[in-house]
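Worksheet for the structure shown next.
Treat the numbers as computed from the prediction; the structure is a model and nothing was measured.
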Amino acid sequence: MNAGELLSLCKRRGFIWPSFEIYGGVAGMYDYGPLGSVLKENIIRLWRQAYRYGEGFTEIDSVTINPEAVFKASGHLDEFSDCIVYCNECGEPFRADHLVARLHPNPDTLDAKSLKELIREHDVTCPECGGTLGDVEEFNLMFRTFIGPGSSRIGYLRPETAQGIFVNFPNLYRYNREKLPLGVIQQGRGYRNEISPRQGMIRLREFNMMEVELFVDPENKTWPRYPFVKEEMLRLIPNDGVERVMSLDGAVREGVIANEVLAYFIWLTKDLLVKMGVDPARLHFRQHLSEEMAHYATDCWDAEVLISYGWTEIVGIADRGSWDLTQHAKWSHEDMTHFKRYDEPHEVEQKVIKAKHSKLGPRFKEDAKEITNLIESCQAEDIKDGALQIEHNGKPLTISDEFFEVETLIRKVSGEKVIPHVIEPSYGLDRIFYTILEHAYHKRDDDYTVLKLKPILAPIKVGVFPLMARDGLDEKAQEIFRLLMDAGIEAYYDDSGSIGKRYARMDEIGTPWCVTIDYETLEEGRGKKDTVTIRDRDSTKQIRVPIDKLVKTIHTMLNGVNFESI
RNA sequence: GCGACUGUAGUCUAGCGGUCAGGACCGAGGCUUCCCAAGCCUCUAGCCCGGGUUCAAAUCCCGGCAGUCGCACCA
């Protein structure tokens, strides 16, 4: 299949539209149309079902504009940007740090100003044509803006939703009553000012993410539900490049997947994607090579699917270690730790140095207080030959043991502070949306298109048609349409053209069932009064059910019961 | 950001200096007792945007925007 055909269908039928089309469009931006927004919502619902209800994770919704400090701490400001310099003559762009590589030991640590100075000082010219170089510009992939009037407060549109969770860690941790594991999910938009977005919905400048941040004890990367799924099979491509099919447990035991939690969420991701209609034959998990790993990750597996653009990453499952919380603790000076209580409090023997005030006072007079503090901040191990070496007023000073004594204290320690590790399954919603459409797209020989969406995801569940728009069939059909909508089943009424055309219209947008009201529905005496036909999208077969069982039947099928077994 | 190619109704497409820009599909209305895109009639709707060349531009030229493909980029 080719992406053009599907994109054309999406646009024609209202799944997605290129944004700002009347003004010529903007690359990398798409609007979700009426069918698209419902499909997107349905995908989010399944994801939420898996994490919030399935795993008991908690959900938040944080802001999209963040102050600069957040990205200084997260590393995005440094790691996510390059300094670019353009040649004044030929216009060729260069990485500024590459041009001064021989003039500085660490050119990538320099800011734009120092790079510019270095280029001026050493008369660095264009390596292509020898022309002079222009100003050094920072090119960061984050969208920049200002918070409030004036230009003093710089803000950025978030490139990932994750930071909103990390900066709220202290709140979330208290909310979870200071326990680990702590699972937090967030769905929302992210922004990346891509230099050249291509491939339709695959690389967007404004995109939707469903992110999960799971905070765990660094020394306990197990998972309670792991034993129930550990024999499930996964298609893996570890970083040695050799594809193999292994059970979760096999992969963990052989060290292919680092730990149980990571393995469990790889499996959960596979299960979720397949439930959404991603073809398992076109899905595998690939481990990142160390050089392609993000600046924050210690291990990372991508769910990749085969679509018309080739194997494409749609989910990334990373072990971010303690990177994010450590960084935010450092920059914000907030406590980002978990207090890990021991089963039994440990008794720790500690030797402390106590100053002898009665000796220190007469000897050191007004300096005595300061020296006391210096002595008491020393450790017992600092004592050499019965004396302490300290520095007072810039001069070394030897304090003999007549001025202090060593006391042994027994302290009770009931736990320790640890920085939690973060396991992050991050779902690219737009890419999943597109993959579901591609994998659902079927074409029969006669150019007839059927979108075989999972019923649970289909934007419209039931098409309602009177066989003819007359003889009271249309009134009856309207009644049934109301009946379904009132029961919360998204239905679509259509009485135009031929019946075949109406079925075709519904098939093309993935509607799983069509209800038809015919003359027998109204006819007395033949035992078929008040019954309607339900026609199945994939088999085109029909069954006849009483109207008063219709809602129940549709609900049964939405819960996964096959049409054939009704 | 660079290079090549491209841009005609909602979709697909013909026209490539000179008629009211032609068709197909979709869509809307109508006729046909009509369960899988049937047929017939009627209708709606288009030259990506801006500038230039020319008596005359959808057509040629320049710029922009967008798309496809390569290069670069892609946490």
Side-chain angles (χ1 to χ4, degrees), chain A residues 2-14 17-29 33 71 74-82 84 86-87 90-95 128 137 139-142 159-160 162-163 190 192-200 202-205 288 291-297 300 302 308-309 312-313 316 318 320 323-324 424 426 444 446-450 463 465-471 473 494-508 514-521 532-537 539-542 544:
Chain A
N2 76 53
E5 274 177 27
L6 179 60
L7 247 24
S8 147
L9 182 148
C10 282
K11 196 180 162 191
R12 211 158 21 84
R13 303 308 305 266
W17 294 315
S19 301
F20 316 110
E21 234 187 342
I22 63 165
Y23 291 109
V26 177
M29 297 187 183
F71 300 116
S74 75
H76 285 90
L77 218 46
D78 299 323
E79 304 288 327
F80 209 43
S81 75
D82 293 325
I84 292 186
Y86 294 90
C87 171
C90 65
E92 197 70 21
F94 300 98
R95 284 271 296 268
E128 288 291 315
E137 295 167 26
F139 189 81
N140 190 289
L141 260 43
M142 288 192 291
E160 57 174 17
Q163 298 308 322
R192 293 178 189 187
N193 201 3
E194 296 285 352
I195 295 171
S196 172
R198 299 275 173 90
Q199 304 167 312
I202 301 304
R203 277 180 69 199
L204 298 175
R205 289 192 165 121
H288 277 206
E291 60 264 31
E292 72 177 309
M293 211 102 74
H295 61 265
Y296 47 71
C300 186
D302 283 346
S308 52
Y309 301 108
T312 307
E313 172 196 352
R320 294 171 76 129
W323 207 87
D324 301 278
E424 180 197 72
S426 174
R444 293 198 318 228
D446 49 351
D447 250 24
Y448 187 98
T449 305
V450 184
F465 314 145
L467 189 59
M468 303 279 300
R470 62 162 75 158
D471 304 328
L473 289 173
D494 191 358
D495 64 11
S496 77
S498 75
I499 192 81
K501 208 168 195 173
R502 287 177 263 164
Y503 286 144
R505 228 180 250 133
M506 288 293 110
D507 286 346
E508 200 185 23
C514 292
V515 166
T516 302
I517 290 78
D518 56 19
Y519 286 99
E520 295 183 337
T521 308
V532 291
T533 60
I534 305 178
R535 176 254 192 200
D536 178 56
R537 176 193 66 204
S539 63
T540 77
K541 286 190 181 133
Q542 288 185 316
R544 189 168 273 277

Criterion salt bridge (Lys or Arg N to Asp or Glu O under 4.0 Å) on Arg535(A) and Asp507(A), from CA distance to verdict: CA-CA 11 Å; Arg535(A) 176 254 192 200; Asp507(A) 286 346; 2.8 Å; yes

All N/O contacts under 3.5 Å from nucleotides 23-26 of chain B to the protein, with atom names and distances to one decimal?
none

Sugar-phosphate only, base, or nothing, as touched by Gly316(A) at under 4.0 Å among non-hydrogen atoms: nothing

Sequence-distant partners of Asp518(A), salt bridge (charged side-chain N to carboxylate O under 4.0 Å, His left out), two or more places apart: Arg544(A)

Listed partners of Asn193(A) passing side chain to side chain contact (heavy atoms under 4.5 Å, CB included), at least two apart: Phe143(A), Arg205(A)

Earlier contact from the 5' end, RNA chain B, for Arg205(A) and Tyr448(A): Tyr448(A)

Those residues that, when tested against Ile202(A), pass side chain to side chain contact (heavy atoms under 4.5 Å, CB included) (two or more places apart): Gln199(A), Ile307(A), Tyr309(A), Thr312(A), Arg431(A), Tyr434(A)

Donor-acceptor pair (no angle test) under 3.5 Å: Arg470(A) side chain, rC34(B) base: no

Sugar-phosphate, base or nothing in reach of Asp471(A), heavy atoms under 4.0 Å: nothing

Atom-to-atom span, CD1 of Ile22(A) to C1' of rG10(B) - whole angstrom: 15 Å

Sugar-phosphate only, base, or nothing, as touched by Thr540(A) at under 4.0 Å among non-hydrogen atoms: base

Interatomic distance at C1', rC60(B) relative to rG23(B), whole Å: 27 Å

Gap between atoms CG and C1', on Leu467(A) and rC36(B) respectively (whole Å): 11 Å

Rounded distance in Å - CD1 (Ile202(A)) to C1' (rG67(B)): 16 Å

Protein-nucleotide distance (Glu5(A), atom CD; rG67(B), atom C1'), rounded to Å: 17 Å

What's touching nucleotides 62-65 of chain B from the protein side, N or O pairs under 3.5 Å?
| from | atom 1 | to | atom 2 | distance (Å) |
| --- | --- | --- | --- | --- |
| rC65(B) | O2' | Gly24(A) | O | 3.2 |
| rC65(B) | O2' | Gly25(A) | O | 3.4 |

Side-chain donor/acceptor contact of Arg192(A) with base of rC74(B) under 3.5 Å: no

Touch class at under 4.0 angstrom, heavy-atom based, for Glu160(A) against every strand present: nothing

P gap between rG10(B) and rA72(B), integer Å: 38 Å

Interatomic distance, Glu508(A) CD vs rG27(B) C1' [rounded to whole Å]: 12 Å

Closest-nucleotide ordering on RNA chain B, the 5'-leading residue of Glu21(A) and Tyr309(A): Glu21(A)

Sugar-phosphate, base or nothing in reach of Pro159(A), heavy atoms under 4.0 Å: base

Partners meeting side chain to side chain contact (heavy atoms under 4.5 Å, CB included) with Thr449(A) (sequence neighbours left out): Leu9(A), Tyr441(A), Lys443(A), Glu508(A)

hbond_proxy Tyr503(A) side chain to rC35(B) base (donor-acceptor, 3.5 Å cutoff): yes

Polar pair under 3.5 Å, donor/acceptor by atom type, side chain Gln542(A), base rC35(B): yes

rA38(B) phosphate, OP1 or OP2, under 4.0 Å from Ser498(A) side-chain N/O: yes

